[in-house]
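In what follows, a structure is listed as structure tokens, so that the remarks can point back to it.
In what follows, every chain begins at residue 1, and chains take the letters A, B, ... in the order their sequences are listed. Treat the numbers as computed from the prediction; the structure is a model and nothing was measured.
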Amino acid sequence: MRVSDQQRYDSFMRNVQQRLVNLTRIQQELGTGKSIFSPSDNVLQADRGLRAEDRLASNAQFLRNVDDGLKWVQAADDKLQAAVDVLSEIEALALTADNSSQNADDRSNTAIQTDQKLEALMALVNGSSNDRYLFGGHGTTAKPFVEVRDAEGRIQGAQTNQDTIAGRIYRQIGENDDIAINVPGDRLFQPVGGAGTDEDVFYVIAALRDTIGNNNTPPEGSEDTRSNEHLREALAQIRERIAEQQTYLGSAGQRLEQTKSRLKEEAVTLTDRLEQAEGVDITDLASRLSVEEGAYNALATISTRLLRQTLVDYMG
Amino acid sequence: MSSLADILNTSRQALRVQQLAMQLIGQNTANVNTEGYTRRRVELTTAPPYTTDTIWGTGNGVDILTLGRVRDQLLDEQYRRSAGTAGYWSSRDDLLGRVEEVFSELGGSAISDRLQQFWAAWQDLANDPEGSAPRIVLLERAQALASSVRRAHSELATRHEEIDRQLVGDVQEVNALTKRIAELNVQIVRAETGGTEASDLRDMRDSAIDRLSQLLDITVHENADGALNVYNGGQILVQLDHSADLTMSSSSSNGLVKTQVTYGSSGRALVLDSGEIKSLIELRDQDIGGVMADLDGFAVAMANRVNEVHRTGYGLTGTNGIEFFASDDTGASDFRVSQMIADEPDRIATAAADGAPGDNSIALQIAGIQSEKLMRDGRSTLDEYYRDISLAVGSKKSYAVGQLAVEQGALDSISNRRQQVSGVSMDEEMTRLIQVQQAYEAAAKVITTVDEMMQTVLAMGAGA
């Protein structure tokens, strides 16, 4: 077999180039911690990596949604618990006022206390979180319950925006998985069209206050509907209704917490999957680097010695 | 019986022949690194007798039997077949790499990232539909997405133009090469009329044919007079002194110029089985054209569906029925956020009814488009569809890389074998140098000795 000089140079250049390509690749992988730089490097791995990246991004978004939902649910639950406590206190005051041992002055004082409780409740039903009203349904930017006061400035009831008060607010916590994070005000304090009825907490408390203040005597002609006892029962039912909605918030909170845990676990799995798809195996890289380095050095040493030698060196 | 003068003649011829051999050694060593150079070799033979009645059989010295290039025609044919295929895959590998760069999906700034951020911005807006900040963020993300899609389309259009320009360049090169081969045919036939091989001219012609074979699928036939005919399929590219010009015509479609190549004389299409030109035409018309159509499909589907939902919703300003993206039907080249939204982000619809700022149902519905199977007859989401576009390019590139490795390996192997036959070896040349030098010195010594013998004879005459 003949070997021409061009062959020797070409062969050397080809081999050196290949080794340099391999070394550069290893250097890139070490530098970036990634084993894939473009889909063509490994289409299937790139596909897995891109899917994992997409799912990680979605997962992070769902986690943000869950956290936001949890804040809302917890804030609403706190306000509702405070409201339930106020209602219990009003019920206790009414029960005391219903006692025959109470005189008119006592009852007048109880009425004043009840009125203060109603004012406190009004602040709670218009509670907000992050500048958004919690119980206004879709009407989150305007006060959901606007009190109606008599000439003496005492609350007689409240008006709501009937179009927005019943609105539910949702958060997406998974693919095709939404959860309502709010309890609309109509389910709590005043149903749509229920103003001035036994289901209207503002009307019931205002009526109770007035009955107690009137020495526990309902207005004439309304003995059945505005008696202390009747109104107390109505209030107890409203309180139970609110407690039921609290239960919903509690279960929503639990679901959000569980979802959060699941999403966090998934994030770990997805990160692992992404690492497997795109990440580098340092041990493998170190071993490849060692092999390539050795090969390059051997090639350079042998080839430069052989390429330099020709018969010319031995001619006189 | 030969005279001293005959011996002088024989030695003079030997000197001439060895000098020529030395000249070839010089030529070979001078061109040891010259691309396309074929080593020259002289083969010697015993010089024929001047007359047939030579009695003593002492002979007439040395003569040249052959002088020319050392080349294997079979290897040349193999090389040209392989060069066409390798040229095809090499060009395809290079250009698909440039198309893949447009998407650079794993680089962190690609469309799929922007797409994710776009959907996330809708979710963030759904979490805070009353706020202006998430609307501004959404607008910025939507504009970034639209800009990325437009940029990808524009870069693909640029690649299309680059490939078209390269095609024009390649066709011009084919015409220049065929013309050059035809000219060399004439010069070679003329130069070889006397029986001497026109080695340099043949080297030039072989180099031109080698390059032509990378561009186009060709077959070559050499005539007895030394001229070469070159064919592409059944079409004659070069016949003796005539070369067929390829002609180009331009057409325009969707703002993109497309060059068509035909045979000038007949208007017939090129036969494209291999070569760089086949790769360029395929990439331009099928690969890039296909990706651009897919990107258009993505932009149209995205605008259609988002607008469809957006039109049903209400923004903070109470506006209803407006589009989020500029148009339903515009492709990727003009994919942008509608001016109404860009001017006033509070017009972004999040609620199903007016005056319900906390209602995020429309925002959630639009965010939910991310998981809707809108593409490929309900088999892919928009994200999956886009991802498949970039993966398909990567897959083609990956295949081209593999094919190129195989074809380049085959070409290198043939090239290596060609070098074995035709390449210059310095060691070989140096060995021959010693050989020729010694032969030359020996012939010179014979002449010196004969000269001394003649002096002796002349001295004998003077003594008488």
Quick one: what part of [X] sits under 4.5 Å from any heavy atom of chain A, side chain, backbone, both or neither?
X: B/Glu101; result: neither
X: B/Val32; result: both
X: B/Leu115; result: neither

To the nearest 0.5 Å, what is the distance between [atom1] ([X]) and [atom2] ([Y])?
X: B/Asn33; Y: A/Asp5; atom1: CG; atom2: CG; result: 7.5 Å
X: A/Gln6; Y: B/Asn31; atom1: CD; atom2: CG; result: 11.0 Å
X: B/Asp359; Y: A/Ile169; atom1: CG; atom2: CD1; result: 8.0 Å
X: B/Asn127; Y: A/Lys71; atom1: CG; atom2: NZ; result: 9.5 Å

Taking C-beta and beyond as the side chain, do [X] and [Y] meet within less than 4.5 Å on heavy atoms?
X: A/Val3; Y: B/Gln420; result: no
X: A/Arg2; Y: B/Glu428; result: yes
X: A/Pro39; Y: B/Val393; result: no
X: B/Asp128; Y: A/Asn130; result: no
X: B/Arg387; Y: A/Arg51; result: yes
X: A/Ser58; Y: B/Gln370; result: yes

Return the option, out of A/Arg14, A/Glu175, A/Arg168, A/Arg8, with the maximum number of heavy-atom pairs under 4.5 Å with chain B. A/Arg14
Chain B interface, residue from A/Thr164, A/Val43, A/Asn176 that has the most non-hydrogen pairs under 4.5 Å: A/Val43
Determine the option with the most heavy-atom pairs under 4.5 angstrom with chain A, choosing from B/Met426, B/Arg39, B/Glu35. B/Arg39
Highest number of heavy-atom pairs under 4.5 Å with chain A among B/Met430, B/Arg418, B/Lys397 belongs to B/Met430
Measure A/Asp163 against the heavy atoms of chain B and call it side chain, backbone, both or neither at under 4.5 Å. neither
Identify which part of A/Phe62 has an atom lying under 4.5 Å from any heavy atom of chain B, answering side chain, backbone, both or neither. side chain
Are more than 12 heavy atoms from other residues, nucleotides or ligands located less than 6.0 Å from atom [atom1] of [X]?
X: A/Tyr248; atom1: OH; answer: yes
X: B/Lys373; atom1: NZ; answer: yes
X: A/Gln162; atom1: CD; answer: yes
X: A/Tyr296; atom1: OH; answer: no

Heavy-atom closest contact (A/Asp54 atom, B/Gln116 atom, distance): O-NE2, 3.3 Å
Over all atoms of both residues, closest heavy-atom pair of A/Tyr170 and B/Asn360: O-ND2, 2.7 Å
Run the side-chain donor-acceptor check on residues 404-416 of chain B: report pairs under 3.5 Å with partners two or more places apart or on a different chain.
unit_1   : atom_1 : unit_2   : atom_2 : d
B/Gln408 : NE2    : B/Asp412 : OD1    : 3.2
B/Asn416 : OD1    : A/Gln7   : NE2    : 3.0

Side chain to side chain donor-acceptor pair (under 3.5 Å) between B/Glu130 and A/Thr141, intermediate numbers included: CA-CA 7 Å; B/Glu130 306 89 345; A/Thr141 52; over 6 Å; no
For B/Ala126, is there any backbone N or O sitting under 3.5 Å from a side-chain donor or acceptor partner on A/Arg171? yes
Intermediate values then yes/no, side chain to side chain donor-acceptor pair (under 3.5 Å), B/Glu100 and A/Ser40: CA-CA 8 Å; B/Glu100 194 180 26; A/Ser40 58; 2.8 Å; yes
Only distances under 3.5 Å count here; give the side-chain donor-acceptor pairs of residues 307-316 of chain A to other protein atoms, sequence neighbours excluded, each with its distance to 0.1 Å.
unit_1   : atom_1 : unit_2   : atom_2 : d
A/Thr310 : OG1    : A/Val312 : N      : 3.1
A/Asp313 : OD2    : A/Thr310 : N      : 3.2

